[in-house]
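Here is the structure we will look at.
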Amino acid sequence: MQVTAAVARAPGADFTLETVQLDAPRPDEILVRIAAVGVCHTDLVAREGAMPFSLPAVLGHEGAGVVTEVGSAITKVAPGDRVALTFRSCGHCDRCKSGDPAYCYMMPALNYIGMRPDGAKAIRQGGEAVSSNFFGQSSFATYALAYERNVLKLPDDIPFEIAAPLGCGVQTGAGGVMLALACPQGSSLLITGGGAVGLSAVMGARIQGCGQIIVVEPHAVRRALAMELGATHVIDPAGDPDLAAAVRAILPQGVDYAFDTTGRPDTLTAIMGALAPKGVLGIVGIPPAGTPMPGDLGNVLTFGQTVRGIIEGDSDPDVFIPELIAHWRAGRLPLERLVKVFAFDQINTAIASQHHGDCVKVVLTLPDPV
């Protein structure tokens with residue numbers, strides 16, 4: 001079928017809205033009419049060539065919409081179901097069976113390579129193949145193909161524009177604190193970066209009952225929002241360039257946990273100087289290729305510290321996203337405070353607005369088909 005997609009054609013270039021051909025669903029595939037899709041930093045990283053995802057490509061991995069067609073092997077959803085899309089996993093490997101699908105042995109092949117595992121691309125434009133299947137969806141389009149492992153039904157009361165960011169950014173931030181770090185009540189937490197992932201981590205920390213929640217963020221508006229969402233302290237890195245000293249001015253012994261959304265080597269190094277003994281640093285920000293592990297090994301050994309990577313907040317989406325929806329419904333996860341809606345054809349304007357700090361989380365909405 002013909003669909004309209006935001007196509008990435010060159011690193012650094014704007015997305016262009018183009019008509020492309022999307023395959024009909026195979027037996028294991030689900031066709032979803034996209035109603036809303038979040039824009040995540042990972043989409044932009046992929047566009048810039050930092051992932052093995054060749055251009056031209058259709059990106060997008062925080063889709064939400066309505067099922068319109070299912071393959072013959074599909075039993076989880078049916079046409080007419082409201083769904084959110086998330087990352088794809090195989091469901092069969094040891095990691096998936098242990099409840100850790102974010103660390104699926106097939107994660108790269110199912111999410112990052114721009115094609116189905118058998119090498120076929122699901123999107124074409126004339127005789128040109130277009131990279132597809134980004135996180136098992138490529139949802140910067142009016143329609144997307146997804147799979148049973150990366151779709152989940154949505155209740156009727158959550159709007160698509162609120163549900164869409166649950167698929168990656170929100171579950172990464174909230175899950176990073178609630179699941180991966182599992183910050184206990186009363187613990188202290190440092191969050192570097194006050195974007196959508198960092199502020200989702202703030203809300204997750206408040207749900208966990210953290211005693212001190214320190215957010216480092218250069219934009220004043222986001223620092224103020226962090227305080228409103230539950231942060232106990234904020235730090236402007238321009239005013240406090242020595243991050244470790246600024247943190248220890250608040251907590252002389254250092255923080256129990258740190259959660260980095262920036263991927264900046266200098267920030268990661270500074271965080272290590274702010275960790276308490278037995279402190280844990282969780283990293284979700286994407287660092288430049290070749291970045292070494294942060295910190296001095298002697299200090300890590302002496303103080304028993306831990307550095308760990310976190311993918312998708314350690315979430316099992318079928319379990320955790322319904323929990324997040326329950327927190328949203330109860331007012332503990334006010335995602336409306338983060339989201340700014342743009343029309344799909346404003347994708348480049350929306351990305352620029354988010355980059356400049358004018359909004360926290362961009363969600364693109366798509367009109368119903370005529």
Side-chain angles (χ1 to χ4, degrees), residues 28 30 32 36 38 40 42 61-65 67 70 74-78 81-107 110-111 135-137 139 146-160 162-185 189 196-197 199-210 257 259 280 282 284 308-335 338:
D28 64 338
I30 301 162
V32 179
C40 179
T42 305
H61 63 287
E62 292 182 343
V67 175
V70 299
I74 300 299
T75 61
K76 185 178 184 180
V77 294
D81 285 343
R82 305 174 78 248
V83 294
L85 309 183
T86 184
F87 65 91
R88 189 181 175 196
S89 56
C90 75
H92 305 298
C93 70
D94 289 345
R95 294 287 78 79
C96 287
K97 289 180 179 179
S98 67
D100 287 317
Y103 305 99
C104 172
Y105 295 162
M106 289 287 290
M107 189 74 169
L110 297 178
N111 294 272
F135 282 72
Q137 52 183 285
S139 49
Y147 301 83
E148 284 197 324
R149 290 287 297 180
N150 73 322
V151 302
L152 62 149
K153 291 184 185 179
L154 290 173
D156 291 337
D157 63 331
I158 186 166
F160 288 123
I162 300 302
L166 295 172
C168 183
V170 174
Q171 75 175 345
T172 295
V177 171
M178 299 170 67
L179 302 175
L181 298 180
C183 299
Q185 185 173 1
L189 171 67
V197 175
L199 293 179
S200 295
V202 170
M203 292 185 281
R206 189 172 186 180
I207 290 170
Q208 292 293 102
C210 291
Y257 299 92
F259 184 73
V280 181
V284 298
R308 62 154 300 185
I310 299 171
I311 294 293
E312 297 289 352
D314 282 13
S315 171
D316 181 342
D318 281 333
V319 176
F320 191 53
I321 289 181
E323 292 179 9
L324 293 175
I325 292 172
H327 286 303
W328 167 79
R329 191 179 287 125
R332 294 184 292 268
L333 197 74
L335 299 177
L338 308 186

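Along the sequence shown, residues are numbered consecutively beginning with 1.
Although no hydrogens or angles enter the test, the distance criterion places no donor-acceptor pair under 3.5 Å between the side chain of Y257 and the main chain of P184. The backbone N or O of M203 lies less than 3.5 Å from no partner atom in the side chain of R332, so there is not a single donor-acceptor pair. For the pair E62 (side chain) and G169 (backbone), a donor-acceptor distance under 3.5 Å is present. Distance alone, capped at 3.5 Å, is enough to place a donor-acceptor pair between the Q171 side chain and the G167 backbone. Listed for the D100 side chain is no donor-acceptor partner under 3.5 Å among the backbone atoms of R95.
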Would V67 and V151 count as a side-chain contact (heavy atoms from CB on, under 4.5 Å) if you check the C-alpha gap in whole Å, the side-chain angles of each, and the deciding distance to 0.1 Å? CA-CA 10 Å; V67 175; V151 302; over 6 Å; no
Before you tell me yes or no, could you show the steps for K76 and V83 under side-chain contact (heavy atoms from CB on, under 4.5 Å), namely the whole-Å CA-CA distance, both residues' side-chain angles and the distance that decides it to 0.1 Å? CA-CA 11 Å; K76 185 178 184 180; V83 294; over 6 Å; no
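Counting heavy atoms from C-beta on, the side chains of F135 and L85 never come closer than 4.5 Å. You'll find the side chain of N111 stays beyond 4.5 Å of the side chain of E312, heavy atoms only. Here the side chains of L335 and L324 are not in contact, with every heavy-atom distance at 4.5 Å or above. The shortest side-chain heavy-atom distance between L152 and F320 does not fall under the 4.5 Å cut-off. In this structure, the side chains of D314 and Y103 come closer than 4.5 Å at one or more pairs of heavy atoms. Inter-residue side-chain proximity for L333 and V170 is flagged as met; some heavy-atom pair is nearer than 4.5 Å. Here the side chains of N150 and L110 are not in contact, with every heavy-atom distance at 4.5 Å or above.
The shortest heavy-atom contact between G99 and D316 is O-CB, 4.0 Å. Smallest separation of non-hydrogen atoms from V77 and I74: O-CG2, 3.7 Å. Contact between C104 and C90 at its shortest, heavy atoms only, is SG-N, 3.3 Å. Minimum interatomic distance between S315 and P101 (heavy atoms only, all atoms of both residues): O-CG, 3.7 Å. Taking each heavy atom of V177 and G204 in turn, the nearest pair found is CG1-C, 4.0 Å. Here the closest heavy-atom approach between residue I310 and residue A180 is recorded as CD1-CB, 3.6 Å.
The distance from atom CG of D157 to atom CD1 of I325, rounded to the nearest 0.5 Å, is 8.0 Å. Within the model, atoms SG of C93 and CE of M107 stand 10.5 Å from one another, a figure rounded to the nearest 0.5 Å. Atoms OG1 and CZ, on T172 and F259 in that order, are 7.0 Å from each other to the nearest 0.5 Å. Expressed to the nearest 0.5 Å, how far CE of M178 lies from CD1 of I207 amounts to 4.5 Å. Considering CD of Q137 and CZ of F87, their distance stands at 11.5 Å, rounded to 0.5 Å. Atom CZ in R82 sits 13.0 Å away from atom NZ in K153 (nearest 0.5 Å).
Contacts of T75 classified as side chain to side chain contact (heavy atoms under 4.5 Å, CB included), with partners at least two apart in sequence or in another chain: E148.
Annotation: R206, atom CZ; neighbour count of heavy atoms from other residues, nucleotides and ligands within 6.0 Å does not exceed 12.
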